[in-house]
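Just follow the structure's listing: the first ligand is 1, and inside any ligand the first atom is 1.
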Amino acid sequence: MYSMNPIEEIRGQFPALGQSVWGKPLVYLDNGATSQKPQCVIDLVNRMHCGANANVHRAMHKLSDDATALYEGAREKVREFINAPARENIIFTSGTTASVNLVASSFCRKFLGEGDEIIISGDSHHSNIVPWQMACQAAGASIKVIPVLENGMWDMEAFRGLLGSRVKIIAVEHISNVLGIVNPIKEVIDLAHAQGIPVLVDGAQGIVHCKVDVQELDCDFYAFSGHKIYAATGSGVLYGKQQLLEQMPPYMGGGDMVDTVTFEKTTYAPLPLKFEAGTPNFIAQASLAPALEFAQGLREGEIARVIEEQECAIVEYLRSALQEIEGCTIYGLPPEDGYAAGLDAGLARTAELGASGELGEPARFGEPGSKIPLFSFNIQGCFPSDLAQLLDKMGVAVRTGLMCCEPLMTRFGVTSMVRVSFLPYNTLDEAKYFIASLKRAVRMLR
Ligand code: PLP
């Protein structure tokens, strides 16, 4: 299917990647914040705005039927992508933030009481901190935090010590948007379940870089945003186990989430609509279908091997190139042996599959302890915001600031970092151009 340069073919499907900024070809390395959109997603959004633009689930006319079919079709695609048992498990939200807020509000109203505890991971994004704080304030409960080690990995010994009968839910990052390490979420889930505690996984970054099978993981909730995995902005997902979702009260009230309404009393619609009050962003949600189809295509067959090799090459290159820059601190480098073992296991598995002619899902997608192509760093004597501005003028888009992870910044004693994050459409040449531009920027600032 792919010719000589499959990565170029992939890039060709993303119109935004072909542009210049400040007269330089764009090198977009802010994928952790949001991904660019492939033509198939752009086409679907245009097609719906031009044609199947009518409110879903409500009307007895063709346009509404078409929009509903696309909306519900996307739900089925999400179900298949994460291997959820049924459509009832898939709640559409506006993104990870909305998904976590839904659980923090609804689950905690039902199950959290005074003196109870919630465990979150120390690398949490603000959207996996603040909603739980709000729930704890309402219930008189408190938050406990899994400490992050100097190398960016979780202190699992400390985590075991936090478990106990007062813990009502655990909410952890699959992959931190700052540290870029695949966390041992399966181990956390197993330890939690041994004590009957449900686990929510913030998969905003995880869904992009790992194969996620919610039944295999056995997580109770998995939250992610569509816009980080090629879909239109405003799309998001909350996966939940049905028996938990059934017990939880609705989050918001309004149209579409009801069965019958009187002024005295309302009965609610069955799952998943019970949690989808009001007009959803149905065009964005529908775009999850082509987006996940596209993502799936990158994880299968020969192209998956090419992408995996390239990602490993980028990770290796950046790790050593950044470390060679004087005064550079990288945040989130797993120990050499664990890290290498993670990569080696993935590569060995790919080679094995390649040799047997059965190319499938590369093992590296999801290997705990492995580093994804996302690096956060600081360089002595250079303000991150100055570096970002100079890099921008050279065509390189990077992220700086607190990255919505202020407690993690505090943990590392800084108030800002620079982050570069790659997707399969980014090349090793772009990584090299970024390093050359960074060195130039450092020379200008020192
Ligand atoms: N969690 C993580 C790890 C993230 O990286 C992000 C976004 O950067 C979020 C949560 C919040 O996602 P959204 O803003 O799409 O709701």
| message | Against the six-membered ring of F92, is R75 placed for a cation-pi contact (under 6.0 Å from the centre, within 45° of the normal)? | response |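 Ring-cation test returns yes.
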Taking the six-membered ring for Trp, are [X] and [Y] ring centroids under 6.0 Å apart?
X: F412; Y: Y331; value: yes
X: F282; Y: Y71; value: no
X: F294; Y: F14; value: yes

| request: Return the set of residues passing side chain to side chain donor-acceptor pair (under 3.5 Å) with E406 (not counting sequence neighbours), or none when no residue passes. | output: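 Testing E406 for side chain to side chain donor-acceptor pair (under 3.5 Å), a comparison that skips the adjacent residues, returns none.
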| query | In chain order, what residues pass the side chain to side chain donor-acceptor pair (under 3.5 Å) check against Y239, with sequence neighbours excluded? | reply |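 Y239 satisfies side chain to side chain donor-acceptor pair (under 3.5 Å) with no residue once adjacent residues are dropped.
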| request: Report the member of C404, S127, G203 with the shortest heavy-atom distance to atom 10 (C) of ligand 1. | output: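 The nearest heavy atom belongs to S127.
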| Option whose closest heavy atom lies nearest to atom 15 (O) of ligand 1, chosen from S421, S225, A98, S94 |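 The nearest heavy atom belongs to S225.
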Note the single closest protein heavy atom to [atom], along with its residue, its atom name and the distance in Å.
atom: atom 7 (C) of ligand 1; result: K228 NZ, 2.6 Å
atom: atom 1 (N) of ligand 1; result: D202 OD2, 2.6 Å
atom: atom 5 (O) of ligand 1; result: Q205 NE2, 2.7 Å
atom: atom 16 (O) of ligand 1; result: T97 OG1, 2.6 Å
atom: atom 3 (C) of ligand 1; result: E173 OE1, 3.0 Å

| message | Show me which atoms of ligand 1 lie under 4.0 Å from any heavy atom of A204. | response |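 Here the atoms of ligand 1 in question are 1 (N), 2 (C), 3 (C), 4 (C), 6 (C), 9 (C), 10 (C).
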| said: Under 4.0 Å from a heavy atom of H227: which atoms of ligand 1 are those, numbered in the order shown and with their elements? | reply: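 Contacts of ligand 1 toward H227, numbered from 1: 15 (O).
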| query | Which heavy-atom pair separates D256 from E276 by the least distance, and what is that distance? | reply |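 Scanning both residues, the minimum pair turns out to be CB-O, 3.9 Å.
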